[in-house]
A.B. asks: 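Quick one: the structure is below, questions incoming.
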Amino acid sequence: MALGARFPHSPREERFEFTPENRAELDRILAKYPQKRSALIPALHLAQKQAGHITSAVMQHVASLFELSPMDVWGVVSFYTMLKTKPVGKHHFMVCDNLSCALLGAAGILRHLERRLGCRAGHTRADGKFSVERVECLGACGGAPCLQINEDYFEHVTPALVDELVAALEKGEPVSPVGADEAAPPREGAGAAREKAAG
């Protein structure tokens, strides 16, 4: 269930429409799928990237494009952890606490991260730079304990790796995925240094 999963509604909310560039990107996404509805999650990702999070205006706009009801769209938004209905920090940490991760220390990782950032799970730090969320499952049981920062996965997480990642992000340095995204193009950063040391 997404962070703060209640149908977001505000009478003061402004309208949402895709920018011309994102509307063109949506058309490219739609062309990949034989069934229009199959493109709903990529469309919501695109809208979230533009708006920062999924508002009721976003859901109503996407629903109209897909010829669905806003409640159909809400059913998808409220199910998937990666779709956010509230603003999150620039670097959003999602810590998996499902069975494999829980058995291998996810609770300790989450407590360490909260102390390190000064920010409890379910909240965004006052400077807007970091937010933390406990999530149900990231689908990376083989790399437990696992966390995700924005779109990047970090597997076999330890408190030391958490410290390394936070320190790099605090300085504005990039961090590289560890584990699941090994096929991603190599980048320099905290995760990359750790992998080199381990290899």
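The shown structure was predicted, so the numbers you read here are calculated from the model rather than taken from an experiment.
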A.B. asks: In this structure, which one of L138, V162, L147 forms a side-chain contact (heavy atoms from CB on, under 4.5 Å) with F154?
C.D. replies: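 It is L147, the one option of L138, V162, L147 that forms the side-chain contact (heavy atoms from CB on, under 4.5 Å) with F154.
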
A.B. asks: Distance check, rounded to the nearest 0.5 Å: E136 atom CD versus M94 atom CE?
C.D. replies: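 Nearest 0.5 Å value for the CD-CE distance: 14.5 Å.
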
A.B. asks: Taking the side chain from E114 and the backbone from A121, do they hold a donor-acceptor pair closer than 3.5 Å?
C.D. replies: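 Flag set: sc E114 to bb A121 pair under 3.5 Å.
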
A.B. asks: Could you state the interatomic distance from CD (Q60) to CE (M71), rounded to the nearest 0.5 Å?
C.D. replies: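 Spacing of CD (Q60) from CE (M71) equals 11.0 Å.
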
A.B. asks: Got more than 12 heavy atoms from elsewhere within 6.0 Å of NZ, K90?
C.D. replies: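 Atom NZ in K90 is not crowded, with 12 or fewer foreign heavy atoms closer than 6.0 Å.
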
A.B. asks: I need the minimum non-hydrogen distance between C119 and T124, along with the two atoms involved.
C.D. replies: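 Shortest heavy-atom separation between C119 and T124 comes out as SG-C, 3.8 Å.
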
A.B. asks: Drop me the distance from D72's CG to F66's CZ, to the nearest 0.5 angstrom.
C.D. replies: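 The CZ atom of F66 is 12.0 Å from CG of D72, to the nearest 0.5 Å.
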
A.B. asks: Short question: side chain of Q50, backbone of E17 - any donor-acceptor pair under 3.5 Å?
C.D. replies: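 Yes, the answer is positive, given that a donor and an acceptor are paired below the 3.5 Å cut-off.
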
A.B. asks: Once you round to the nearest 0.5 Å, how far does CZ of R120 lie from CD of E133?
C.D. replies: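 Atom-to-atom, R120:CZ and E133:CD are 14.5 Å apart.
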
A.B. asks: Are V135 and L104 linked, directly or through other ILVMFWY residues, by side chains that come within less than 4.5 angstrom of each other?
C.D. replies: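 Hydrophobic grouping puts V135 apart from L104.
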
A.B. asks: For K84 and Q48, which heavy atoms make the closest approach, and how far apart are they?
C.D. replies: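 So the minimum-distance heavy-atom pair works out to N-OE1, 2.6 Å.
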
A.B. asks: Inspect the surroundings of CZ in R115 and state if more than 12 heavy atoms from other residues, nucleotides or ligands are less than 6.0 Å away.
C.D. replies: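 Yes, CZ of R115 has more than 12 neighbouring heavy atoms, counting only those of other groups under 6.0 Å.
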
A.B. asks: Flag the pair E164 and K171 as a salt bridge only when some basic side-chain nitrogen lies within less than 4.0 angstrom of an acidic carboxylate oxygen.
C.D. replies: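 No, E164 and K171 are not salt-bridged.
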
A.B. asks: Taking the side chain as C-beta and beyond, is there a heavy-atom pair between L169 and V175 under 4.5 Å?
C.D. replies: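 Touching, per the 4.5 Å side-chain cut-off.
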
A.B. asks: What closest approach, in Å, do G179 and E155 show between heavy atoms, and which atom pair accounts for it?
C.D. replies: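 Distance-wise, the nearest heavy atoms are CA-OE1, 3.6 Å.
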
A.B. asks: Nearest heavy-atom pair of C137 and N98: which atoms, and what distance?
C.D. replies: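 That closest heavy-atom pairing would be CB-ND2, 3.4 Å.
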
A.B. asks: How are the rings of H91 and F130 set to each other: parallel, tilted or perpendicular (split at 30° and 60°)?
C.D. replies: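 Ring orientation, 0 to 90° scale: tilted.
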
A.B. asks: Just do the side chain to side chain contact (heavy atoms under 4.5 Å, CB included) check on I149 and H92 with the steps written out, would you?
C.D. replies: CA-CA 5 Å; I149 306 174; H92 184 58; over 6 Å; no

A.B. asks: First locate atom CG of N150, then atom CE of M82, and finally report the distance between them rounded to the nearest 0.5 Å.
C.D. replies: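 Reported to 0.5 Å precision, the distance equals 14.0 Å.
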
A.B. asks: Is any side-chain heavy atom of L110 closer than 4.5 Å to a side-chain heavy atom of V132?
C.D. replies: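 When only atoms from C-beta onward are counted, V132 and L110 do touch, with a gap below 4.5 Å.
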
A.B. asks: Do L40 and L68 come within less than 4.5 Å of each other through their side chains, counting heavy atoms only?
C.D. replies: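 Answer yes - side chains close enough.
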
A.B. asks: Do you know which two heavy atoms are closest between I109 and V157, and how far apart they sit?
C.D. replies: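 Smallest heavy-atom distance, with atoms named: CD1-O, 3.5 Å.
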
A.B. asks: Under the criterion salt bridge (Lys or Arg N to Asp or Glu O under 4.0 Å), I'd like the reasoning laid out for E25 against R23: C-alpha separation, chi angles, the key distance, then a yes or no.
C.D. replies: CA-CA 5 Å; E25 176 61 20; R23 180 58 212 229; over 6 Å; no

A.B. asks: Atom CZ in F93, atom CG in L117: separation rounded to 0.5 Å?
C.D. replies: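 Rounded to the nearest 0.5 Å, the CZ-CG separation comes out at 5.5 Å.
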
A.B. asks: Check the pair V178, H156 against side chain to side chain contact (heavy atoms under 4.5 Å, CB included), reporting the backbone distance first and the verdict last.
C.D. replies: CA-CA 8 Å; V178 175; H156 305 294; over 6 Å; no

A.B. asks: Does the side chain of T85 come within less than 4.5 Å of W74's, by heavy atoms?
C.D. replies: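 Touching, per the 4.5 Å side-chain cut-off.
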
A.B. asks: Is there a side chain to side chain contact (heavy atoms under 4.5 Å, CB included) between L113 and V95 once you walk through the steps?
C.D. replies: CA-CA 9 Å; L113 180 61; V95 180; 3.8 Å; yes

A.B. asks: Can you confirm whether R116 is buried at CZ, in the sense that more than 12 heavy atoms of other residues, nucleotides or ligands lie under 6.0 Å from that atom?
C.D. replies: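 Yes, the 6.0 Å shell around CZ holds more than 12 heavy atoms from other groups.
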
A.B. asks: Are R125 and D127 close enough for a salt bridge, meaning some N to O gap below 4.0 Å?
C.D. replies: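 D127 and R125: salt-bridged.
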
A.B. asks: Given the rule in the side chain to side chain contact (heavy atoms under 4.5 Å, CB included) test, do C146 and Y153 qualify, once you have shown the distances and angles that lead to the verdict?
C.D. replies: CA-CA 7 Å; C146 175; Y153 271 49; 3.7 Å; yes

A.B. asks: Compare every heavy atom of S38 with every heavy atom of Y33, then report the nearest pair and how far apart it is.
C.D. replies: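 Smallest heavy-atom distance, with atoms named: CD2-CB, 3.5 Å.
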
